[in-house]
Visitor: 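Got a structure for you, written out below as structure tokens; questions coming shortly.
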Amino acid sequence: MSLSPNPVIAPSHILQLLDRLHAESLEQESQITAGRLRNKVGFDEFMRDKFIALDQDKCQFVYQTCLSIRARNVVEAGTSYGVSTIYLSLALARSSKMYGHQPSKVIATEFEPAKIAQAKKYWNECGEDVERLIDLREGDLLETLKVDLPDKVDLLLLDIWSPLALPTLKIVQPNLRPGSVVITDNITGSADRYKDLIEYLNDPSNGFSNTTVPYSKGLAVSVYLGGRS
Ligand SMILES: C[S@@+](CC[C@H](N)C(=O)[O-])C[C@H]1O[C@@H](n2cnc3c(N)ncnc32)[C@H](O)[C@@H]1O
């Protein structure tokens, strides 16, 4: 006897869509060679149509975390085709039912027009309950996140190109509430590229308590303890 493998509570058409999108993303990733990724020339062009969706088990972990921390406001740095966004939206809806608060928004961020158009179609396929909780900021997230952030952000998902992770955290940090969670993908797989972020999170004066959950390539979970000392 084992626990149900999927903690996500959602209508079957959404669960089926998510299974399909994760499978497509993995199929694409299997075609990407490490050499291609290291070759900076043409990186943006090459990644223009790639999902690079957060792995399904990690998405489920993020969903569970949102429920546990009573999430109302979440920021997703890096939306792509909107796969993790769907989990975040489902989690906000469920959290509002559990705790009796009004759900607020998933602030999603993407700058590739073709990905934005397709993400909107997937969210529409999920239905109004998912769509209505997503506030998609179109354009460079280092600009779009500078305005209209909620006072209390409960969770920040850093699923973005590594050089943008620390600048993004620094934009959002003033709005993180004590007890909020910052989740960073590939923290061990890309440790060399996350050097600045890791140094920042490890510095106690910046207010984070960190651990790495041993999913593939590591998922960093950092709890914000409150005011920087
Ligand atoms: C790893 S993918 C996000 C995957 C997504 N979280 C999911 O699970 O489906 C990162 C995305 O960030 C986008 N991106 C990169 N730089 C950006 C920027 N400066 N502003 C907004 N989006 C950016 C890329 O186009 C890419 O689609």
Side-chain angles (χ1 to χ4, degrees), residues 4-32 44-67 71-98 101-141 144-145 148 150 153-161 183 185 215-216 219:
S4 157
N6 189 351
V8 177
I9 301 159
S12 59
H13 76 281
I14 298 181
L15 297 177
Q16 281 161 17
L17 174 68
L18 290 171
D19 284 347
R20 181 165 68 78
L21 298 181
H22 282 293
E24 277 182 42
S25 180
L26 285 178
E27 172 57 26
Q28 266 185 351
E29 279 180 51
S30 71
Q31 315 288 332
I32 302 173
D44 283 340
E45 182 56 39
F46 181 71
M47 296 306 252
R48 195 147 282 155
D49 65 342
K50 304 293 180 293
F51 273 86
I52 323 285
L54 191 67
D55 293 342
Q56 193 157 18
D57 50 3
K58 296 174 181 173
C59 283
Q60 292 167 353
F61 177 85
V62 170
Y63 173 89
Q64 295 276 70
T65 303
C66 286
L67 300 194
R72 291 192 66 221
N73 294 296
V74 305
V75 175
E76 178 188 61
T79 289
S80 189
Y81 290 105
V83 178
S84 50
T85 330
I86 295 172
Y87 287 86
L88 292 168
S89 178
L90 290 169
L92 290 198
R94 177 61 49 177
S95 169
S96 84
K97 266 194 196 150
M98 286 168 66
H101 59 229
Q102 285 301 310
S104 191
K105 292 279 179 189
V106 179
I107 297 177
T109 54
E110 182 52 59
F111 70 172
E112 290 293 352
K115 287 184 169 181
I116 290 170
Q118 188 58 51
K120 287 179 177 170
K121 285 186 190 158
Y122 291 139
W123 298 337
N124 181 264
E125 217 178 295
C126 289
E128 170 64 16
D129 286 349
V130 164
E131 239 179 345
R132 74 192 166 89
L133 299 183
I134 300 171
D135 165 9
L136 175 63
R137 309 273 173 101
E138 304 183 18
D140 181 357
L141 58 79
T144 62
L145 289 179
D148 280 343
V153 172
D154 301 295
L155 183 135
L156 167 64
L157 175 61
L158 291 172
D159 190 19
I160 191 70
W161 308 155
I183 294 185
D185 191 28
Y215 288 113
S216 169
L219 192 71

Visitor: With the side chain counted from C-beta on, respond yes when I107 and P150 share a heavy-atom pair under 4.5 Å apart, and no when they do not.
Guide: yes
Visitor: State the CG-CZ distance between L18 and R20, to the nearest 0.5 angstrom.
Guide: 10.0 Å
Visitor: Considering only heavy atoms from C-beta outward, does the side chain of L157 approach that of S84 to under 4.5 Å?
Guide: yes
Visitor: Is L158 close to I183 at the side-chain level, that is, under 4.5 Å between some pair of heavy atoms?
Guide: no
Visitor: Any donor and acceptor pair, going by atom type alone, linking the side chain of E110 with main-chain N or O of E112 inside 3.5 Å?
Guide: yes
Visitor: Shortest non-hydrogen contact from D49 to Q28?
Guide: O-NE2, 3.0 Å
Visitor: At what distance, to the nearest 0.5 angstrom, does OG1 of T85 lie from NZ of K120?
Guide: 12.5 Å
Visitor: I'd like to check H101 versus S95 (side-chain heavy atoms, cut-off strictly below 4.5 Å). Are they in contact?
Guide: yes
Visitor: What closest approach, in Å, do T79 and W123 show between heavy atoms, and which atom pair accounts for it?
Guide: CG2-CZ2, 3.7 Å
Visitor: Taking it one step at a time, do L155 and V75 satisfy side-chain contact (heavy atoms from CB on, under 4.5 Å)?
Guide: CA-CA 6 Å; L155 183 135; V75 175; over 6 Å; no
Visitor: Taking all non-hydrogen atoms of both residues into account, name the closest pair between Y122 and L17 and its distance.
Guide: O-CD2, 3.8 Å
Visitor: Could you tell me which non-hydrogen atom of R137 sits nearest to which non-hydrogen atom of T144, and how far apart they are?
Guide: NH1-O, 3.0 Å
Visitor: What distance separates K58 NZ from S216 OG, expressed to the nearest 0.5 Å?
Guide: 5.5 Å
Visitor: Between Y87 and Q56, is there a donor-acceptor pair closer than 3.5 Å when you use the side chain of the first and the backbone of the second?
Guide: no
Visitor: Return the minimal non-hydrogen interatomic distance between A108 and I134, and the atom names on each side.
Guide: CB-CG2, 4.2 Å
Visitor: Please report the interatomic distance CD1(I14) to CG(L90), rounded to the nearest 0.5 Å.
Guide: 5.0 Å
Visitor: Which atom names give the shortest non-hydrogen contact between I52 and M47, and what distance separates them?
Guide: CD1-CE, 3.4 Å
Visitor: Do R72 and S96 come within less than 4.5 Å of each other through their side chains, counting heavy atoms only?
Guide: no
Visitor: For residues Q31 and E27, is any side-chain donor paired with an opposing acceptor at under 3.5 Å?
Guide: yes
Visitor: Could you check if a side-chain atom of Y215 sits within less than 4.5 angstrom of a side-chain atom of D55, using non-hydrogen atoms only?
Guide: no
Visitor: Report the residue from L88, V62, L136, L156 that forms a side-chain contact (heavy atoms from CB on, under 4.5 Å) with E76.
Guide: L88
Visitor: Find the distance between CG (L133) and CG (N73) and round it off to the nearest 0.5 Å.
Guide: 11.0 Å
Visitor: How about F51 and Y81: are their ring centres within less than 6.0 Å of each other?
Guide: yes
Visitor: Just by modelled atom types, is the R132 backbone N or O under 3.5 Å from a matching donor or acceptor in the K105 side chain?
Guide: yes
Visitor: Mind checking the CG-SG spacing from L92 to C66? Nearest 0.5 Å is all I need.
Guide: 6.0 Å
Visitor: Is the backbone N or O of F61 less than 3.5 Å from a side-chain atom of T65, with the two atoms forming a donor-acceptor pair by type?
Guide: yes
Visitor: Would you say V83 and L54 make side-chain contact, with heavy atoms under 4.5 Å?
Guide: no
Visitor: In plain terms, say whether K121 and E125 are close enough for a salt bridge, that is, a side-chain N and a carboxylate O under 4.0 Å apart.
Guide: no
